[in-house]
Amino acid sequence: MMSAGKQLPPQAPKAAMRAQWILCGLTLLALLGLSLLQTVLAPVGAGASPIDIELLATAQQFQTHLLADWQAVDAGQCGLSGWGGWGEPVVGPNFGRLSCHLLVDSALLVPGYVGMLVFFTLSLARRLKLRGALPHLLCLPAVAAGLADLAENGMTLRALEQLQYFVLADAAVADVRMASLLKWGLLSVAAFQLAWMAFELAWFSQEPADRPARLIPATVFMGGASLVWAWALHFEWYLGLQLGMLLAAGGLVALLWWQLLQLWPLSHTAAEPLPVDVAAGRD
């Protein structure tokens with residue numbers, strides 16, 4: 001939000017409106033992907049989590065988790081049965097749900113959360129008046145995390161295919177593990193960057209829209225997610241990875257709230273009449 005006495009450039013309302021649409025689109029993309037992954041495409045096994053197969057060390061462990069958590073019997077091609085089976089039932093055990101889970105993750109959730117991380121990184125960098133290539137360099141951890149996530153999904157599908165042909169080796173599972181470790185590590189870096197930038201902006205900015213009451217929640221959630229992810233990776237604490245996801249989601253919501261509070265007034269200034277002195281100067 002602009003302080004009193006500052007004039008907005010003519011293109012500011014349209015730019016703010018475009019930014020709102022982009023941010024809402026990325027948010028809906030991530031929410032749609034997350035809702036599908038947590039409901040109709042969730043693991044078959046009771047209490048199982050998709051993270052359970054990411055950091056396994058051997059082919060035997062991978063096979064055990066797949067058979068217990070993802071194997072569907074007499075279900076459709078996405079591991080669903082009955083209404084909404086997404087195709088004719090497949091007779092016998094199949095891992096269609098895992099395949100569709102990875103597809104939705106790659107097509108919806110990954111672009112959604114990476115886009116939001118990049119959006120907020122660039123927005124905070126602009127408010128901090130960072131110039132040159134630095135704002136774009138700060139986006140690299142988030143983009144690299146998304147690429148590692150896509151690579152992990154592809155390697156998981158490759159390991160699944162090898163398992164079905166009885167040639168799964170420990171090396172294929174190790175590739176999945178390496179991509180997963182890289183993904184979570186880069187997400188920890190991206191979350192730490194956002195937490196630090198939000199903290200710096202909250203305490204040193206002179207703009208009322210950047211006061212601590214609006215940015216400290218994002219600092220706490222994102223900083224907590226970064227620390228929990230780092231701790232969980234060091235000790236291979238799977239529950240910590242899920243806790244970090246919840247904290248990061250809270251941080252993204254806090255940043256979304258802060259950003260929309262900035263963009264909404266700007267996008268609606270076009271309907272306001274011009275001041276008399278400005279209108280007179282244009283005649």
Is K183 paired with E54 through a side-chain N to carboxylate O contact shorter than 4.0 Å? yes

Between the side chains of N153 and S106, does any donor sit under 3.5 Å from an acceptor? yes

In plain terms, say whether E236 and R177 are close enough for a salt bridge, that is, a side-chain N and a carboxylate O under 4.0 Å apart. yes

Contacts of type ring pair (Phe, Tyr, Trp, His ring centres under 6.0 Å), residue Y165, not counting sequence neighbours: none

Donor-acceptor pair, side chain of W184 and main chain of W229, under 3.5 angstrom: no

I'd like to know if the side chain of R97 reaches the main chain of A42, judged simply by a donor and an acceptor atom lying under 3.5 Å from each other, with no hydrogens or angles considered. yes

Of the non-hydrogen atoms in L263 and A16, which two are nearest, and what is the gap between them? O-CB, 3.8 Å

Look at the side chain of T219 and the backbone N and O of F199, then say whether any donor-acceptor pair between them is shorter than 3.5 Å. yes

A side-chain contact here means heavy atoms from C-beta on lying under 4.5 Å apart; do W203 and L215 qualify? no

Does the Q61 side chain pair with the main chain of A57, one donor and one acceptor, at a distance under 3.5 Å? yes

Of the options L187, L34, L26, which is the one that meets Y113 in a side chain to side chain contact (heavy atoms under 4.5 Å, CB included)? L187

For the CG atom of L239 and the OG atom of S49, what is their distance to the nearest 0.5 Å? 9.5 Å

Looking at W237, I want to see if its CH2 is surrounded by more than 12 non-hydrogen atoms of other residues, nucleotides or ligands under 6.0 Å. yes

Side chains of Q259 and S123: is there a donor and an acceptor less than 3.5 Å apart? yes

Please report the C-alpha distance between L23 and L256 in whole Å, then the side-chain angles of each, then the deciding distance to 0.1 Å, and finally whether the side-chain contact (heavy atoms from CB on, under 4.5 Å) criterion is met. CA-CA 8 Å; L23 186 54; L256 178 65; 3.4 Å; yes

Classify the angle between the aromatic ring planes of F192 and W196 as parallel (below 30°), tilted (30 to 60°) or perpendicular (above 60°). parallel

If we only count heavy atoms from C-beta on, is the M155 to M178 side-chain gap below 4.5 Å? no

Evaluate H65 against W70 for ring pair (Phe, Tyr, Trp, His ring centres under 6.0 Å), listing each step before the verdict. CA-CA 8 Å; H65 277 277; W70 291 100; over 10 Å; no

